[in-house]
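Here the structure is laid out as structure tokens; the discussion comes afterwards.
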Amino acid sequence: MTPRNQAQTSIGTNGDGARDPDASGNSGNGSRVTQQAGDPSSTGASVAHRAYLLLSLTSLFWSGNVVIGRYIADYVPPITVSLIRWAGAFVILLPFAARHLARDWPVIRKHAGLLTLLALTGFSAYNTMAYYGLHFTTAINGLLLQSVSPLFVALWSFVLFRDRLSVRQSAGICLSLAGVVVIVCHGSLEILLAVAFNRGDLWFVVALLIYAFYVAMLRVRPAMHPLSFLAVGMGGGALLLVPAMALEIAFGQRIILNYFSALSLLYLCVFPSLFGYLCLNRGIELIGANRAAPFIHLVPVFGSVLAIALLGERLQIYHAVGYGLVFAGIPIATRR
């Protein structure tokens, strides 16, 4: 093992399973960090604020994913969507990640089994099942279901690592979850009660369970450069989908490619895939899965803001109430 890898494997974890950038003086991105003199709490606050920004950007990039996934379901079959998404993102990332992949190759070989599991759960299976579910369900159902992701992450964190949510974290998650429900149901109990669930919703729930497993498992990911880790996940995820896509085509599924479907695929490759996962992985590395998970509640918040800005929809009272609940719940859930 090289000195570089020895330094990386010494990175510690905090109580939530996040990698502690101060445990070994390694920032997690290959650069050396010098501990500044002064109040250590200011360093912790700076790390947290950086993580909150990254996780908020992830939610912003993902806010259009459910809507676009629902739109593109009529043009591109789900396995093909996932393969194009990850293969495209891998091709874009490769020029930036190539030298890191070469340097981290011994680590990749040593942890091939774990990396394959992470590629399967976080990239191949989750997205394919979610896109398949969107063939049969609505965007509102998808947003409602996606809002329970923090609870699934907490469940896997407990099952795998015996992590427990504090009363404060539980209260914050429930408060922000209430805000999500207010937004997607337009503040109407009648709309909430009228939501009907179908087999597409079942697929979506299973997809979220699989993705929550990936998020919880990020704490044990090998010590390697973030671009290497992301490239392996994207490339591996695309490769794992090749046999399934061949079957999909063999059963008569076809791609209808036009201007809008091509732009939708490009968006999926760049924003929720490349930028979204870079921000997500680093945010979880900084503060841990349980504290990061409530940021998923920002997805419908950003989605409604984009609808107001781009589609001309009007700001309503229920938007303000929902935003207030979400933004009140997140700091409660993420505070130690």
Side-chain angles (χ1 to χ4, degrees), residues 16 48 51-53 55-67 70 130 133 137-158 163-198 200-202 204-205 207-209 211-212 215-216 280 283-284 287-308 313-336:
D16 283 316
Y52 298 163
L53 173 61
L55 293 166
S56 298
L57 286 173
T58 298
S59 295
L60 175 61
F61 298 144
W62 285 358
S63 61
N65 190 44
V66 172
V67 176
R70 181 67 187 90
T137 192
T138 64
I140 281 185
N141 282 31
L143 289 170
L144 270 174
L145 293 170
Q146 196 169 37
S147 65
V148 303
S149 293
L151 303 180
F152 289 162
V153 173
L155 173 64
W156 278 118
S157 295
F158 174 75
D163 285 354
R164 296 178 183 273
L165 285 175
S166 67
V167 173
R168 185 193 299 273
Q169 287 176 319
S170 301
I173 288 175
C174 290
L175 187 61
S176 58
L177 178 61
V180 169
V181 173
V182 169
I183 292 170
V184 297
C185 292
H186 296 187
S188 169
L189 181 61
E190 183 179 350
I191 293 177
L192 177 62
L193 296 176
V195 172
F197 294 96
N198 55 39
D201 302 316
L202 178 60
F204 212 91
V205 168
L208 291 173
L209 274 169
Y211 183 70
V215 172
L280 174 74
I284 291 174
I287 64 171
N290 277 345
R291 294 174 66 201
F295 281 84
I296 196 69
H297 290 156
L298 288 175
V299 171
V301 172
F302 284 134
S304 59
V305 170
L306 290 175
I308 292 168
E313 297 186 7
R314 298 180 60 187
L315 181 66
Q316 305 288 347
I317 294 296
Y318 66 80
H319 287 120
V321 173
Y323 296 163
L325 290 171
V326 170
F327 288 120
I330 286 177
I332 295 173
T334 54
R335 191 177 305 154
R336 288 191 178 283

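Values below: every heavy atom of this structure, side chains too, minus hydrogens, waters and symmetry copies.
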Specify the closest pair of heavy atoms between [X] and [Y], including all atoms of both residues, with the distance to one decimal.
X      : Y      : value
Gly322 : Val182 : N-CG1, 3.9 Å
Ile296 : Ser149 : CG2-CB, 4.1 Å
Asn290 : Ser157 : OD1-OG, 3.4 Å
Ala130 : Ala207 : N-CB, 3.7 Å
Gln169 : Arg291 : NE2-CG, 3.6 Å
Ile284 : Ala289 : CG2-N, 4.0 Å

Practice problem: Tell me, with the steps shown, if Phe152 and Val215 meet side-chain contact (heavy atoms from CB on, under 4.5 Å). | Solution: CA-CA 10 Å; Phe152 289 162; Val215 172; over 6 Å; no
Quiz item: Got a second to check how far Leu177's CG is from Ser170's OG, nearest 0.5 Å?
Solution: 12.0 Å
Quiz item: From Leu57 CG over to Leu280 CG, what is the distance, rounded to the nearest 0.5 angstrom?
Solution: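 Rounded to the nearest 0.5 Å, the CG-CG separation comes to 11.5 Å.
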Quiz item: Hey, do the aromatic rings of Phe61 and Phe302 have their centres closer than 6.0 Å?
Solution: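 For Phe61 and Phe302, the ring centres are not under 6.0 Å apart.
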Practice problem: Please lay out, stage by stage, how Leu298 and Val326 fare under the test side-chain contact (heavy atoms from CB on, under 4.5 Å). | Solution: CA-CA 7 Å; Leu298 288 175; Val326 170; 3.9 Å; yes
Exercise. Check for a donor-acceptor pair, side chain of Ser59 on one end and backbone N or O of Phe295 on the other, with a separation under 3.5 Å.
Key: yes
Practice problem: Taking Trp156 for its side chain and Leu209 for its backbone only, find out whether a donor-acceptor pair lies under 3.5 Å. | Solution: yes
Quiz item: Would you say the side chain of Leu55 lies within less than 4.5 Å of the side chain of Ile287, judging by non-hydrogen atoms?
Solution: yes
Quiz item: Tell me, do Ile173 and His297 make a side-chain contact under 4.5 Å, heavy atoms counted?
Solution: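 Heavy-atom side-chain distance check passes, below 4.5 Å.
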Practice problem: Take atom CG of Leu193 as the centre, draw a 6.0 Å sphere, and report whether it contains more than 12 heavy atoms from other residues, nucleotides or ligands. | Solution: yes
